[in-house]
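Beneath this line is the structure, given in structure tokens, with notes to follow.
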Amino acid sequence: MRIIVTAWNNGGPGYGLGIRHADVRLFRREWGTVTIELPDGTVARADIDKDSFYASCPHLIHRSIKEWFRANGYLTWSSGKPPKFELELIDQNKGVFRLYDNQN
């Protein structure tokens, strides 16, 4: 299953992937972290074992995501128009996802 995710920034140095609240159901808290295979082969591990992820801030945050954004020109975007990507759950037992960059 693939979902649409968006680039996210906390207004400072934090970057990640924003998950729609309707798609949070795909993430099992017992995983603790999820593994995200980025399009360049880099692996990011994002913490999802926190109340904020499920309640108000569903973001997958890791420095490798920021570095991938930097390498591909995604560190800035027009207000209200973050880049969109596809995220596919490839191992539902371990919480492994693959990110697809359909813009390049």
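Within the 3.5 Å criterion, the main-chain N or O of F97 finds no donor-acceptor partner in the side chain of D91.
Applying the side-chain hydrogen bond (donor to acceptor under 3.5 Å, both in side chains) rule to S64 yields the partners H62; only residues at least two apart in sequence or on another chain are considered. Checked against side-chain hydrogen bond (donor to acceptor under 3.5 Å, both in side chains), D23 has the following partners two or more places apart in sequence or in another chain: R20. The side-chain hydrogen bond (donor to acceptor under 3.5 Å, both in side chains) search around D51 returns R29, not counting sequence neighbours. The salt bridge (Lys or Arg N to Asp or Glu O under 4.0 Å) search around R28 returns none, not counting sequence neighbours. For F53, the ring pair (Phe, Tyr, Trp, His ring centres under 6.0 Å) partners two or more places apart in sequence, or in a different chain, are F27. Residues forming a side-chain hydrogen bond (donor to acceptor under 3.5 Å, both in side chains) with D47 (at least two apart in sequence, or on another chain): none.
Residue pairs meeting the salt bridge (charged side-chain N to carboxylate O under 4.0 Å, His left out) criterion with at least one member in residues 2-16, sequence neighbours excluded, are R2-E86, R2-E88. For residues 57-69, the pairs satisfying salt bridge (charged side-chain N to carboxylate O under 4.0 Å, His left out) are E67-R70, with sequence neighbours left out.
A continuous path of Ile, Leu, Val, Met, Phe, Trp and Tyr side chains, each step under 4.5 Å between heavy atoms, connects V5 with Y54, placing both in one hydrophobic cluster.
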Tell me which donor-acceptor pairs under 3.5 Å the side chains of residues 34-43 have, and how far apart each pair is, sequence neighbours excluded?
{"from": "E37", "atom 1": "OE1", "to": "R98", "atom 2": "NE", "distance (Å)": "3.1"}
{"from": "E37", "atom 1": "OE1", "to": "R98", "atom 2": "NH2", "distance (Å)": "3.0"}
{"from": "D40", "atom 1": "OD1", "to": "T42", "atom 2": "N", "distance (Å)": "2.9"}
{"from": "D40", "atom 1": "OD1", "to": "T42", "atom 2": "OG1", "distance (Å)": "2.9"}
{"from": "D40", "atom 1": "OD2", "to": "T42", "atom 2": "OG1", "distance (Å)": "3.3"}

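Using cut-offs of 30° and 60° on the angle between ring planes, the pair W8 and H59 is parallel.
Atoms CG and CG, from L26 and L87 in turn, are 8.5 Å apart once rounded to the nearest 0.5 Å.
Grouping Ile, Leu, Val, Met, Phe, Trp and Tyr residues whose side-chain heavy atoms lie under 4.5 Å apart, directly or via other members, leaves I4 alone, with no other cluster members.
In this structure, K94 places its NZ atom where only 12 or fewer heavy-atom neighbours from other residues, nucleotides or ligands lie under 6.0 Å away.
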